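A quick write-up on the structure given underneath.
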Amino acid sequence: PAPVSEKKPEPVAPVKPVQEKKTEPVPTPAPKSEHAKEQAVSEFGEEKKDSKKEFEMNEHTLVKYNSTNANVSKVHIPFNVWRIGPAAFKDNKNIKVVVCGDHIKEIGDSAFMDCTELTEVKLSDELKKINYKTFNGCTKLKSITIPERVEEIMCDSMVCGLEEITFENPRTTW
């Protein structure tokens, strides 16, 4: 009979214990409003590829609006803005219409100062305060409606071309 040979098992590397991977929680994106969707696309339907962000933010404060396209004359302030910071739009010569997001409660000093082409502003119904020199120098702004919840309008906040101011709340302090 032929000799039977046994196969020796091949050496096996020692097994390392399995470590659990730590996973970071994935943030849930906030729902986008129609205004926020419009901000991501230019008026020509092209995705914006500018190196500078259109809205510079510090948490929920709009710190600076960077006008990157001279053809954009209407600005929808995003839904995640609760406050427009001082001089955020100052000296912008392109914007004609500003539509404030629903959550804006305060507009900072000189926020729209010397926006000489500004003709229309739709303020948030949540707005409570308009600060010093907010609309100064906005010579083409002829009419504005102050929402009902506005409690205070600071001195010299509207030295501009206004011909008509409508107060939704007669108790607003100016």
Side-chain angles (χ1 to χ4, degrees), residues 28-43 45 48 53-174:
T28 306
K32 288 191 174 189
S33 68
E34 287 303 309
H35 300 310
K37 289 177 187 172
E38 288 175 10
Q39 294 305 324
V41 178
S42 72
E43 286 189 352
K48 294 184 180 182
K53 288 185 178 180
E54 183 175 20
F55 297 99
E56 287 181 34
M57 300 286 296
N58 181 1
E59 294 189 14
H60 293 285
T61 298
L62 191 158
V63 175
K64 179 76 176 151
Y65 171 74
N66 295 305
S67 176
T68 55
N69 185 346
N71 295 323
V72 176
S73 62
K74 185 173 186 176
V75 176
H76 288 274
I77 298 175
F79 69 98
N80 61 333
V81 174
W82 297 351
R83 183 174 186 272
I84 299 174
F89 288 83
K90 186 176 179 184
D91 294 322
N92 185 297
K93 306 299 183 209
N94 297 323
I95 58 171
K96 294 180 181 179
V97 177
V98 172
V99 179
C100 291
D102 295 334
H103 302 300
I104 296 174
K105 292 177 176 41
E106 184 177 347
I107 299 177
D109 293 349
S110 308
F112 295 97
M113 186 173 188
D114 294 327
C115 292
T116 55
E117 297 301 311
L118 188 62
T119 59
E120 182 182 341
V121 176
K122 167 66 175 98
L123 299 173
S124 165
D125 289 336
E126 297 296 316
L127 188 66
K128 293 184 178 191
K129 185 174 183 180
I130 299 174
N131 281 307
Y132 184 66
K133 293 187 177 183
T134 299
F135 295 105
N136 283 23
C138 298
T139 54
K140 292 186 179 178
L141 184 62
K142 301 297 181 194
S143 173
I144 195 166
T145 298
I146 308 300
E148 185 175 350
R149 293 190 180 174
V150 172
E151 297 166 356
E152 185 176 20
I153 300 172
M154 299 299 291
C155 174
D156 293 331
S157 63
M158 297 189 196
V159 179
C160 55
L162 284 173
E163 296 172 359
E164 179 182 59
I165 301 173
T166 303
F167 290 90
E168 290 181 350
N169 182 350
R171 295 184 208 149
T172 301
T173 304
W174 187 356

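Everything numeric in this text was worked out from a predicted model, so none of it was measured. FYI, side chains are in, hydrogens and waters are out, and symmetry mates aren't considered; it's all heavy atoms of this structure.
- One N or O on the side chain of N136 and one on the backbone of V159 form a donor-acceptor pair closer than 3.5 Å.
- Separating the CZ atom in R83 from the OG1 atom in T61 is a distance of 5.5 Å, to the nearest 0.5 Å.
- A salt bridge (Lys or Arg N to Asp or Glu O under 4.0 Å) check over residues 87-96, counting only residues at least two apart or in different chains, returns nothing.
- Looking at F89 and L62, their side chains come closer than 4.5 Å, going by heavy atoms from C-beta outward.
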Q.
Before you tell me yes or no, could you show the steps for H103 and W82 under side chain to side chain contact (heavy atoms under 4.5 Å, CB included), namely the whole-Å CA-CA distance, both residues' side-chain angles and the distance that decides it to 0.1 Å?
A. CA-CA 5 Å; H103 302 300; W82 297 351; 3.4 Å; yes
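- In this structure, V75 and V99 have side chains that are not in contact, with every pair of non-hydrogen atoms separated by 4.5 Å or more.
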Q: Check the pair M158 / L141 against side chain to side chain contact (heavy atoms under 4.5 Å, CB included), numbers first and verdict last.
A: CA-CA 10 Å; M158 297 189 196; L141 184 62; over 6 Å; no
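- The backbone N or O of I95 lies less than 3.5 Å from a partner atom in the side chain of N92, making a donor-acceptor pair.
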Q: Show your working on salt bridge (Lys or Arg N to Asp or Glu O under 4.0 Å) between E151 and K129 and close with a plain yes or no.
A: CA-CA 6 Å; E151 297 166 356; K129 185 174 183 180; over 6 Å; no
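- Using a 4.5 Å cut-off on side-chain heavy atoms (C-beta onward), C160 and L118 make no contact.
- E59 meets the side chain to side chain donor-acceptor pair (under 3.5 Å) test with no other residue; sequence neighbours excluded.
- Closest approach of G137 and T116 over heavy atoms only: O-CG2, 3.8 Å.
- Residues I107 and N131 fail the side-chain proximity criterion, which asks for heavy atoms closer than 4.5 Å.
- More than 12 heavy-atom neighbours from other residues, nucleotides or ligands sit within 6.0 angstrom of NZ on K64.
- Pairing each heavy atom of V63 with each of M57, the nearest pair is CG2-C, 4.0 Å.
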Q.
What verdict does the side chain to side chain contact (heavy atoms under 4.5 Å, CB included) test give for D125 and D102, after you've listed the backbone C-alpha separation in whole Å, the side-chain angles of each residue and the deciding distance to 0.1 Å?
A. CA-CA 7 Å; D125 289 336; D102 295 334; over 6 Å; no
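- Under a 3.5 Å cut-off, the side chain of S124 and the backbone N or O of E126 do form a donor-acceptor pair.
- Two residues are said to be in side-chain contact when any heavy atoms from C-beta on lie closer than 4.5 Å; N66 and E54 fail this criterion.
- The line from OG1 of T172 to CD1 of I153 is 6.0 Å long, rounded to the nearest 0.5 Å.
- A 4.5 Å side-chain heavy-atom check between F135 and V121 finds at least one atom pair inside the cut-off.
- Remark: S157 OG to E152 CD distance equals 9.5 Å, nearest 0.5 Å.
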Q: For T134 and D109, run side chain to side chain contact (heavy atoms under 4.5 Å, CB included): C-alpha distance rounded to whole Å, both residues' side-chain angles, the deciding distance at 0.1 Å, then the answer.
A: CA-CA 5 Å; T134 299; D109 293 349; 5.9 Å; no
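- Each of E164, E163, E120 was compared with K142 under the side-chain contact (heavy atoms from CB on, under 4.5 Å) criterion, and only E163 meets it.
- In this structure a side-chain-to-backbone donor-acceptor pair under 3.5 Å is present from H60 to N80.
- At a threshold of 4.5 Å between non-hydrogen side-chain atoms, the residues C115 and C138 count as touching.
- The closest side-chain donor-acceptor pair between N94 and E117, if any, does not fall under 3.5 angstrom.
- A tilted orientation is assigned to the rings of Y65 and F55, their planes being inclined by 30° to 60°.
- Between N169 and V150, every side-chain heavy-atom pair lies at or beyond the 4.5 Å cut-off.
- A distance-only check finds no donor-acceptor pair linking the side chain of T139 to the backbone of G161 [under 3.5 Å].
- Residues satisfying the side-chain contact (heavy atoms from CB on, under 4.5 Å) test with T145, not counting sequence neighbours, are T166, E168.
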